J.: 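Got a structure for you, written out below as C-alpha cells; questions coming shortly.
Proteins come first, then strands; the chains are lettered A, B, ... in the order of their sequence lines, and each starts at number 1. Since the structure is predicted, the reported quantities are computational estimates derived from the model, not experimental observations.
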Amino acid sequence: MQLYHMTAHRLQQMLAKGEISAEELCRSVFQRIDEVEEKIRAYITLDRENALQQAKAVDKARRAGEQLPPLAGIPVAVKDNICTKGLRTTCASKILYNYVPPYDATVMELLHDAQMVLLGKTNMDEFAMGSSCENSGFYPTCNPWDTDRVPGGSSGGSAAAVAAGEAVLALGSDTGGSIRLPAAYCGVVGMKPTYGAVSRYGLVAYASSLDQIGPFARDVTDCALMLNVICGHDPRDSTSVPYDKPDYRTFLTGEIKGMKIGVPREYMGEGIDSAVREIINKAVRVFTDLGAEVEETSLPHSDYALPAYYLIAPAEASSNLARYDGVRYGYRADKSEDVVDMFKKTRSEGFGPEVKRRIMLGTYALSAGYYDAYYNKALKVRTLIKRDFDRALEKYDLLLAPTAPGTAFKRGEKVDDPLQMYMVDICTLAVNLAGIPAISVPAGNVSGLPVGMQLMGKPFGEGEILRAAYAFEQCSGICCQLPD
Amino acid sequence: MAQYEAVIGLEVHVELKTGTKIFCPSSTEFGAAPNHHVCPVCLGLPGVLPVINRKVVEYAIKAALALNCRIAPYSKFDRKNYYYPDLPKNYQISQYDLPIAANGYLEIEVNGRAKRIGITRVHMEEDAGKLVHQGSISTTPYSLVDYNRTGVPLIEIVSEPDMRTPEEAAAYLEKLKAIIQYTGVSDCKMQEGSLRCDANVSVRPAGQTGLGTKTEIKNMNSFKALQRALQYEIERQIDLLEQGEQVVQETRTWDEDRGVTLSLRSKEEAHDYRYFPEPDLVPMVISEEWVNEIRSTLPELPDRRKQRFVRDYGLPAYDAAVLTSTRELADYFERCVELYNHPKTVSNWVMGDLSRMMNATGTEIGDVCIRPEQLAGMLQLLDKGTISGKIAKTVFEEMFRTGKDPEAIVKEKGLVQISDQAVIEKVVEEVIANNTKSVEDYLSGKERALGFLVGQVMKATKGKANPGLVNKLLREKLGK
Amino acid sequence: MISIKEVEHVALLARLELSEEEKEVYTKQLSDILEHARKLQDLDTEGVPPTAHVLPLQNVFREDRVGEHLDIEDVLSNAPEREGDFFKVPRIV
C-alpha cells in the first residue's frame with residue numbers, strides 16, 4: 001500500500017519508528033496529488049513549498065530527539081473557509097478570490113501546535129452553501145469513486161481529497177450536513193462535533209448558530225486523533241463551551257454491550273432509497289450482534305427540519321455575508337457611480353447564484369412583516385426539533401440513521417431545482433438545528449458507490465459515538481476502501 | 001405660535017470610557033493614526049467573532065442606575081442590518097427587544113420649575129468608523145474610511161417624549177451629561193463626539209393629547225445647535241400646519257451654517273433593519289448581586305450634591321446648582337473649602353473670576369492650573385491684608401496664566417499692600433498739593449471729591465496702598 | 001408566494017443588482033421554497049419559546065485589557081483601493 005493511502009495512526013507509528021520521514025510522506029501525497037488532482041479537483045490552493053518545509057522541520061525535531069505530538073508530520077487538507085494566515089482563503093467565491101487572511105483560525109493554530117503538515121485549501125460549495133460542490137465559484141470537485149458524480153457538499157474537496165489519497169486527514173465544516181454528506185458520498189469517516197466543541201474563530205461564517213468544524217478521516221481511529229487536536233474551549237469564541245476534553249482514543253474499545261440505540265422511523269421512510277435502507281438494516285444487525293439494544297423510535301418533527309433550516313440558515317447568512325462589499329478586502333466591481341452602486345455591482349458580480357438565492361431568502365425571512373411568520377416561526381420549530389432529540393437521547397445512548405437518502409448523484413442532475421438539491425440533506429439538517437454531534441461512517445456500497453451510516457449522540461457525547469462507530473468498523477470490516 | 005405645543009424626545013449616544021472596544025481588545029484611545037487601532041475583529045474580517053467586554057456591561061449598568069433605570073435580569077445582543085461603508089460588517093451589534101435597562105428618569109429645572117423626564121431605555125451597541133472627505137460629503141468625488149472608532153462601546157439613552165420646549169431639551173441633555181460624567185463612565189465631550197444627540201420632534205395644538213407626525217433631527221453638535229435646531233424645526237412644523245400642509249415623517253439634518261433643518265429623505269432607502277438575535281454572542285443574566293455591587297460604586301450624583309451644598313455650606317440654590325454642574329467643578333470647590341472655610345467667598349471666586357477666565361480662554365476645569373491650595377492661599381493673603389481686593393484680582397489672573405503660587409507672584413511683582421503710614425502720608429501730601437481744585441471742592445462740601453483724591457493716591461502707589469489707610473489720612477490732612 | 005416587486009425590494013435591501021432574467025428565476029424559486037416553508041404553519045407553536053441558541057451558556061465576557069493591533073500593512077494589504085492609511089471608496093451620495 002502506498003503511503004498516501006494509509007491511515008494516520010499507521011503512518012504515525014512508521015514515523016515514530018523512523019521507518020519513513022515526514023518529508024517522504026509529504027512527497028508521496030504530493031505525488032498522488034499530481035497524478036489525480038486534474039481529475040478530482042479537490043483543491044483550490046496548494047501550499048507545496050511550505051508543506052515540505054513543515055515536514056522537514058518535523059523530521060529535524062524528531063532527529064533531535066524532541067517529544068512530538070501524535071499527529072506531527074501528518075499531511076492535512078483544510079477547507080477553504082477556514083482562515084489561514086498568509087495563505088489565500090476564498091470560500092470558493094469570486095468575491096474572495098484574492099483574500100489573504102492576516103490571522104489564523106483557532107483550529108489552524110491547533111494544527112500547527114500539533115505539527116501537522118498543511119497541504120492546501122480544499123474546494124467547496126461557495127460559502128458552504130450547497131450539497132454537491134457544484135456551487136464552487138471556481139470549478140466542481142469530482143467524486144473519486146465516479147468522476148461523473150458529485151462528491152457531496154459543501155466540504156466536497158476535503159472528502160474527495162481524503163478518499164483519493166490527496167490528503168491523509170482533512171478539516172471541513174458542517175452547517176446542515178456539509179461534512180457528513182460528502183463523507184458518505186466519498187466513503188470516508190466524517191464527524192460534526194457538538195455545537196460549541198470546536199472553536200469557530202476563523203471559520204468564515206455561513207450560519208453562525210449551526211456551523212461547526214469537524215474532521216474527515218479514513219477510519220474512526222484517525223477521526224478520534226483529529227478530534228483530540230481540534231476540540232476544546234476557545235476564549236475568542238463566545239459560543240465555545242468550556243468542558244473537560246477527554247482523550248477520544250480511550251473510547252475505541254470495541255465494547256458496546258448494553259448500549260441503547262434508537263432508529264428513528266422518520267429516517268427510514270419512503271424518501272430513502274431501498275438499497276440504502278437495506279444497508280442500514282444490515283448495520284443494525286451488526287450492532288445487535290455486538291450486544292447493543294437497537295429499537296425503532298420516533299423524532300416526530302423530522303419533516304419540519306428542512307423548512308426550518310432553510311429559513312434560519314439563510315437568515316443568518318444574509319447578515320453574515322453583508323460584509324463582502326468591496327471596501328476592505330476581496331473583489332470590487334469597477335466603474336461605480338457611488339458607493340451604493342459599488343456595493344450592488346460588487347456583490348452581484350462576486351456571488352454565485354446559490355449564494356444570492358440564500359441571501360435573498362434570508363433577507364426576506366427577516367424583513368418587516370415576515371419575521372414572525374418565517375424566521376421566528378422557524379426558531380420555535382427548532383425548539384420542537386431539539387426537544388425531539390432531547391427526549392430520544394434520554395432513552396437511547398445513540399440514534400442511528402442513514403447519512404443521506406441515496407448515493408452520490410450525477411453532476412448537473414439537481415442544479416436547476418434548488419428544492420430537490422436541498423432534499424439531499426434531509427437526514428443531516430436536524431442534527432445541526434439541535435446542536436448535537438453526529439458521525440458518518442462507511443456502511444457499505446450500492447452499485448460501487450459508498451453509503452454512509454449516521455450515528456447521533458448527546459451533546460458532548462462524541463466519545464460514545466466514536467465507541468459505537470469503532471466497534472462497527474472493527475466488526476463489519478467496512479472501512480478504508482479507497483478508490484484507485 | 002401660542003396655540004401649539006411641541007413634543008420632544010431625545011436619543012443620546014454616549015461613548016463609554018473603557019480601555020478596549022466592546023467586542024475586541026483593540027484600544028479605544030482617541031486620536032490614533034487612521035486604521036492603527038484595529039484588529040481582525042473590529043475590522044470585520046471573514047471568520048472573526050465578538051466577545052463582550054465585561055466593563056462595558058458594568059459601565060452601562062452604572063449609567064443606567066444613575067438614571068434611575070430598572071436593570072434587566074436577562075438581556076441579549078441583536079444585529080441591526082444596514083449597509084454603510086463605515087460599518088465593517090454591514091450590521092451593527094446592538095440591542096433590540098431586551099435592552100440592558102429601562103424605565104428610568106431624571107429631573108430638570110427650567111425657569112425655576114422642576115420637571116421629571118422619563119427615560120424609556122438604555123442599550124449597549126458598537127460605534128461605527130469615520131468617513132473623511134475633502135469638502136462636503138455631497139460634492140467630494142470619493143471618501144476615505146478610518147475604522148479606529150468601530151467597536152468603541154456606546155450606550156444609547158432614549159427619553160420619553162416628555163419635553164415641550166428647546167430649553168427643556170437642552171436642560172435634559174445638560175443634566176444627562178452631568179449625571180453620566182459624575183458616574184465616570186464617559187467624558188461626554190460633544191466636540192469629540194463622545195456625546196451625540198438626535199431629537200424626535202412633533203407639534204400639536206395645545207391641549208390635544210394625541211401626537212402629531214414627528215421628524216427625527218440629526219447632526220446637532222452642541223447644546224446651542226440642539227436648541228437652535230429644535231426652535232427652527234418647531235417653527236417649520238407649525239408653519240406647515242398653519243398653511244394646511246402636513247408634516248412628513250422623515251429624518252432631517254441640522255445645517256449649522258444655514259441655520260435650517262434639511263430633509264435626508266432623498267438619500268434614504270426604505271429602512272428595514274431586520275433585527276435578529278446575534279448568534280455569535282450568548283445572553284447576559286444580570287444578578288441582583290452584580291447590580292448591587294455596581295450600585296455601591298456610584299458616587300454622590302448632582303441632585304444630591306446640590307442639596308448638600310445648600311444644606312452644609314449655606315450656599316444659595318443657584319450657586320449650588322452651578323457648582324455641582326460637573327463633578328470636577330464640585331470637587332474643586334469642595335477642596336478649596338476644605339482649605340479655606342468660607343464657602344460663599346470661595347463660591348464667588350469660582351463662579352466669578354474663575355468661570356469668567358475659563359470661558360474667556362476656553363479652559364475646562366480639569367485643565368485650570370490654579371490648584372485649590374493656591375486659591376485658598378490667595379484668599380488667606382487677602383484676609384491678612386497682605387494684598388488688597390484689587391491686587392487679588394491681578395494675582396488671580398497671574399495664577400490662572402502661570403500656575404505660580406500667590407505668595408511668589410506678590411513677591412515677584414512687588415504687589416504687597418503698603419500699610420506703612422509714613423510712606424502713604426508722603427504721597428497723600430503730594431496729591432493734596434497737586435490737586436488744589438479737588439481739595440477745594442471737598443472742603444466746600446463735595447464728598448465726591450474725596451473719592452477722586454483716593455484714586456490719585458492709589459494711582460501713585462500703583463494700587464498697592466491700603467485703601468482704608470489712604471482714606472483715613474486724607475480726611476485727617478484735610479482737617480475734617 | 002412572492003412577487004417580482006418583493007424580489008426587487010429584497011434585492012435592494014441585500015444590495016444585489018438582479019437582471020430581469022434573474023428576477024424571474026428567483027421569484028419562481030423563492031416562491032417554491034417559501035411554499036415548502038408554509039408547512040411550518042401547520043405546527044402549533046403556541047407557547048413554544050424560539051431557540052436562537054442551542055447552548056446553555058450565558059455571561060461570556062472578556063476582561064478590558066488591550067491586545068495586539070494589526071500592523072497597518074496587514075490592515076490594508078487586501079484593500080481594493082487605499083489612500084495613505086485609509087480605505088478609499090467611491091462617493092457616498
Side-chain angles (χ1 to χ4, degrees), chain A residues 81-83 89 91 96 99 101-106 127 196 199-205 207-211 234-240 312 315-316 318-330 338-340 342-344 347 362-371 375-376 379, chain B residues 23-25 35 38-53 77-93 96-97 129 131 133 137-138 140-145 147 150 267-284:
Chain A
N81 60 351
I82 294 172
C83 288
T89 300
C91 293
L96 285 177
Y99 177 63
Y103 78 102
D104 261 331
T106 297
F127 283 104
S199 171
R200 292 187 296 116
Y201 188 79
L203 169 66
V204 181
S208 314
S209 78
L210 304 164
D211 294 340
D234 179 10
R236 285 177 294 191
D237 175 0
S238 305
T239 62
S240 157
I312 295 169
E316 292 182 14
S318 71
S319 176
N320 284 330
L321 272 64
R323 70 190 65 192
Y324 307 106
D325 61 7
V327 175
R328 292 156 299 277
Y329 40 75
D338 56 31
V339 106
V340 173
M342 191 272 278
F343 282 1
K344 284 189 193 168
R347 292 166 61 77
T363 304
Y364 181 77
L366 288 175
S367 65
Y370 298 105
Y371 183 91
Y375 180 71
N376 210 39
L379 292 187
Chain B
F23 300 122
C24 70
N35 292 307
V38 296
C39 75
V41 178
C42 54
L43 203 52
L45 296 185
V48 298
L49 298 170
V51 184
I52 306 168
N53 181 345
F77 280 100
D78 301 275
R79 289 189 189 175
K80 179 180 181 178
N81 295 285
Y82 66 96
Y83 285 83
Y84 210 68
D86 65 1
L87 196 62
K89 303 184 293 294
N90 286 319
Y91 61 80
Q92 178 192 32
I93 304 180
Y96 183 53
D97 55 339
L131 294 175
H133 347 265
I137 187 167
S138 49
T140 182
Y142 61 87
S143 289
L144 301 175
V145 199
Y147 291 108
T150 36
K267 296 144 201 163
E268 222 178 6
E269 307 273 349
H271 269 310
D272 186 346
Y273 291 129
R274 289 159 285 133
Y275 281 101
F276 73 104
E278 167 57 274
D280 290 331
L281 294 170
V282 298
M284 291 161 285

J.: Can you tell me how far the OG1 atom of A:T89 sits from the CG atom of B:L45, to the nearest 0.5 Å?
T.: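 If we round to the nearest 0.5 Å, A:T89:OG1 and B:L45:CG are 11.0 Å apart.
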J.: Report the distance from atom CG of B:N81 to atom OG of A:S319, rounding to the nearest 0.5 Å.
T.: 4.0 Å
J.: Hey, does B:P40 have a side-chain heavy atom less than 4.5 Å from the side chain of A:Y201?
T.: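 In short, these two side chains touch, coming nearer than 4.5 Å.
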J.: Enter the distance from B:N90:CG to A:L321:CG here, rounded to the nearest 0.5 Å.
T.: 11.0 Å
J.: Who wins among A:Y324, A:Y375, A:Y370, A:Y103 for the most heavy-atom pairs under 4.5 Å with chain B?
T.: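 Answer, by heavy-atom pair count under 4.5 Å with chain B: A:Y103.
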J.: Applying side-chain contact (heavy atoms from CB on, under 4.5 Å), run through B:F276 and A:Y371 and close with a yes or a no.
T.: CA-CA 9 Å; B:F276 73 104; A:Y371 183 91; 4.0 Å; yes
J.: Name the option with the most non-hydrogen atom pairs under 4.5 Å to chain A; the candidates are B:L87, B:V48, B:L43, B:I52.
T.: B:V48
J.: Hey, are B:N35 and A:R328 close enough side-chain-wise for a donor-acceptor pair under 3.5 Å?
T.: no
J.: List the atom of A:A322, the atom of B:K89, and the distance in Å for their closest heavy-atom pair.
T.: CB-O, 3.6 Å
J.: Is it the case that the side chains of A:R323 and B:Y91 hold a donor-acceptor pair, with the cut-off being a distance below 3.5 Å and no angle test?
T.: yes
J.: Heavy-atom distances under 4.5 Å only: say whether B:P50 touches chain A with side chain, backbone, both or neither.
T.: backbone
J.: Are the side chain of B:D272 and the backbone of A:S367 linked by a donor-acceptor contact shorter than 3.5 Å?
T.: no
J.: Side chain, backbone, both or neither: which part of B:Y84 has a heavy atom under 4.5 Å from chain A?
T.: backbone
J.: Side chain, backbone, both or neither: which part of A:A368 has a non-hydrogen atom closer than 4.5 Å to chain B?
T.: both
J.: Hey, which of A:L379, A:D237, A:D211, A:L96 has the most heavy atom pairs under 4.5 Å with chain B?
T.: A:D237
J.: For A:Y329, is it the side chain, the backbone, both or neither that has a heavy atom under 4.5 Å from a heavy atom of chain B?
T.: side chain
J.: Measuring heavy-atom distances to chain A, does B:D280 have an atom under 4.5 Å in its side chain, in its backbone, in both, or in neither?
T.: both
J.: What part of B:P88 is in contact with chain A, defined as an atom under 4.5 angstrom from a non-hydrogen atom: side chain, backbone, both or neither?
T.: both
J.: Hey, which of A:C83, A:S199, A:G202, A:P235 has the most heavy atom pairs under 4.5 Å with chain B?
T.: A:G202
J.: Using a cut-off of under 4.5 Å on heavy-atom pairs, state which of A:V327, A:T363, A:V339 scores highest against chain B.
T.: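 Maximum pair count with chain B is reached by A:T363.
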J.: Check whether B:Y275 gets within reach of chain A through its side chain, its backbone, both or neither, counting any heavy atom under 4.5 Å.
T.: backbone
J.: To the nearest 0.5 Å, tell me how far A:S208 OG sits from B:R79 CZ.
T.: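 Result: 4.5 Å between the selected atoms.
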